[in-house]
Amino acid sequence: MKFTKMNGLGNDFIVLENLDNEEYDYDILARKLCDRHFGIGADGLLIVEPSGIADIKMRIINSDGSEAEMCGNGARCFAKYVYENGIVKKDKMSVETLSGIIMPELIFKDDVVEKVKVHMGSPIFRTDMIPVKTDKKSFIEETIKIDGRSYIVTSLLVGVPHTIIFVNSIDENMILNIGPLIEKLQIFPRGTNVDFVKVEDDSNITVRTWERGAGLTLACGTGACASAVASALTEKTKRNVYVHFKKGDLYIEWLLDNNIYLTGIAEEVFTGEIKIV
């Protein structure tokens, strides 16, 4: 099987083409290929499939075999891949995902795709749609308890569910301990991504994300969007911010019409073939 390894700020993916709609068990395939010791190693698979409602279709399979509705870093890598491999020859394209159609726009430097700007849709705050099991209509600056400790969180849907915790400093041990517990809290029936956010100033935030189905990742596009929206919503920042990760930055714009735009780099790492046994 031929593959291409790509990353967006260290959030890495294995891109596979399935333009003939062949049958694959992506659950097993993802767990095998994404294994960093016995496979290629990645946070997930990006599957290129034909679409009847958009220019192309993107499927996202997490490293644990579960399927995600959307992925911001994956979307940038996907758009760069399908353009540079001649699958979609448009600098503005429509991409079908489980969460709806997104619109990546390619940004070039010396005729090479350097960055991708993605229209990520609008944030959803309704608890029945995120979903969150509560009688409240929204879940903004609400208190949850983990192991006897209280945390103030904000939950919203940006293609996938996200729960944001504001912290004074980024502590990876805390993320590794608390992230998986919040991800699987009973009040989140479909699980949740968990974003730990440190506000630097009104235009800059630092984020680390515990991703549902993938664990602690170096970057998360939907997490950047959710964190930026939550920061502005709680009046900690402006509506447009730079989101800093370990390996680089994303620029998030939350416009007054409620639309979110994400801009950042996407890189090809290598291509190859792997035997599927």
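Below, all heavy atoms of this structure are taken into account, side chains as well, without hydrogens, waters or symmetry copies.
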I170 and I175, any side-chain heavy atoms less than 4.5 Å apart: yes

Salt bridge flag under 4.0 Å for residues E67 and R59: yes

Side chain proximity check, F139 to I187, heavy atoms < 4.5 angstrom: yes

Single-linkage hydrophobic cluster L19~Y81, side-chain heavy atoms < 4.5 angstrom: yes

Closest non-hydrogen atom pair between F245 and A219, with its separation: CD2-CA, 3.6 Å

Residue list, side chain to side chain contact (heavy atoms under 4.5 Å, CB included) with D35, at least two apart or on another chain: H37, F38

Candidate list L16, N18, V88, I87, test side chain to side chain contact (heavy atoms under 4.5 Å, CB included), partner V48, passing option: I87

S94 and D55: side chain donor to acceptor below 3.5 Å: yes

Over 12 non-hydrogen atoms of neighbours within 6.0 angstrom of CG in N21: yes

Joint cluster assignment, L29 & M6, ILVMFWY side-chain distance < 4.5 Å: no

Pairwise side-chain contact, D12 with R36, heavy-atom cut-off 4.5 Å (strictly under): yes

Residues which pass salt bridge (charged side-chain N to carboxylate O under 4.0 Å, His left out) with D20, listed by chain and number, not counting sequence neighbours: none

Residue pairs fulfilling side chain to side chain donor-acceptor pair (under 3.5 Å) with at least one residue in residues 170-181, sequence neighbours excluded: E172-R208, E172-K246

Co-members of the apolar cluster containing L255 [side chain, <4.5 Å]: Y261

V15 vs K5 side-chain heavy atoms within contact, under 4.5 Å: no

Pair E200 + K236, salt bridge at N-O below 4.0 Å: no

Which residues share a side chain to side chain contact (heavy atoms under 4.5 Å, CB included) with N62, sequence neighbours left out: D64, S66, A68

Set of residues satisfying side chain to side chain contact (heavy atoms under 4.5 Å, CB included) with respect to K247, sequence neighbours excluded: L218

Check: I146 and L185 side chains under 4.5 Å, non-hydrogen atoms: yes

Identify each donor-acceptor pair in which a side-chain atom of residues 130-137 lies under 3.5 Å from a protein atom, sequence neighbours left out, and give them as a table.
unit_1 : atom_1 : unit_2 : atom_2 : d
T134   : OG1    : K136   : N      : 3.1

Which donor-acceptor pairs under 3.5 Å do side chains of residues 100-125 form with protein atoms, sequence neighbours excluded?
unit_1 : atom_1 : unit_2 : atom_2 : d
H119   : NE2    : N259   : OD1    : 2.7
S122   : OG     : N258   : O      : 3.1

Student check: side-chain heavy atoms of T209 and V194 closer than 4.5 Å: no

Hydrophobic cluster (4.5 angstrom, side-chain heavy atoms) - remaining members for Y242: Y251

Taking every non-hydrogen atom, the tightest pair across A214 and D43: CB-O, 4.0 Å

Sidechain-backbone polar pair: N11 side chain, N73 backbone, donor-acceptor under 3.5 Å: no

pair L45-F3: side-chain heavy atoms closer than 4.5 Å: no

Distance, nearest 0.5 Å, that separates CZ of F13 from CG of L33: 14.5 Å

Atom pairs and distances, side-chain donor-acceptor, residues 155-168, under 3.5 Å, sequence neighbours left out:
unit_1 : atom_1 : unit_2 : atom_2 : d
S155   : OG     : T163   : OG1    : 2.8
H162   : ND1    : D195   : OD2    : 2.7
H162   : NE2    : T222   : OG1    : 2.8
H162   : NE2    : G223   : N      : 3.4
T163   : OG1    : T192   : OG1    : 3.0

Under-4.0 Å salt bridge between D128 and R126: yes

Nearest heavy atoms of F78 and I56, plus distance in Å: CE2-CG2, 3.4 Å

Path from I140 to I260 over hydrophobic side-chain contacts below 4.5 Å: yes

Side chains of W210 and L176 in contact at under 4.5 Å (non-hydrogen atoms): yes

Worked check of side-chain contact (heavy atoms from CB on, under 4.5 Å) between L46 and C77: CA-CA 9 Å; L46 300 178; C77 293; 4.1 Å; yes

CA sep, side-chain torsions, deciding dist, call: R149, D147, side-chain contact (heavy atoms from CB on, under 4.5 Å): CA-CA 6 Å; R149 289 193 61 183; D147 290 341; 5.9 Å; no

Hydrophobic cluster membership, I182 vs V207, 4.5 Å side-chain cutoff: no

Gap separating the SG atom of C71 from the CZ atom of R76, nearest 0.5 angstrom: 8.5 Å

Distance-only polar pair, side chains of E96 and S51, donor-acceptor under 3.5 Å: yes

Heavy-atom closest contact (C220 atom, T217 atom, distance): CB-OG1, 4.4 Å

Residues in side chain to side chain contact (heavy atoms under 4.5 Å, CB included) contact with Q186, at least two apart in sequence or another chain: none

Spacing of NE2 belonging to H244 relative to CD1 belonging to I205, to within rounding of 0.5 Å: 8.5 Å

Residue pair M93, Y83: steps toward the side-chain contact (heavy atoms from CB on, under 4.5 Å) verdict: CA-CA 9 Å; M93 66 183 73; Y83 179 86; 4.3 Å; yes

Identify all side-chain donor-acceptor contacts of residues 262-277 below 3.5 Å with residues at least two apart in sequence or on another chain.
unit_1 : atom_1 : unit_2 : atom_2 : d
E267   : OE1    : N7     : ND2    : 3.4

Within one Ile-Leu-Val-Met-Phe-Trp-Tyr cluster: I152 and L233, side-chain cutoff 4.5 Å: no

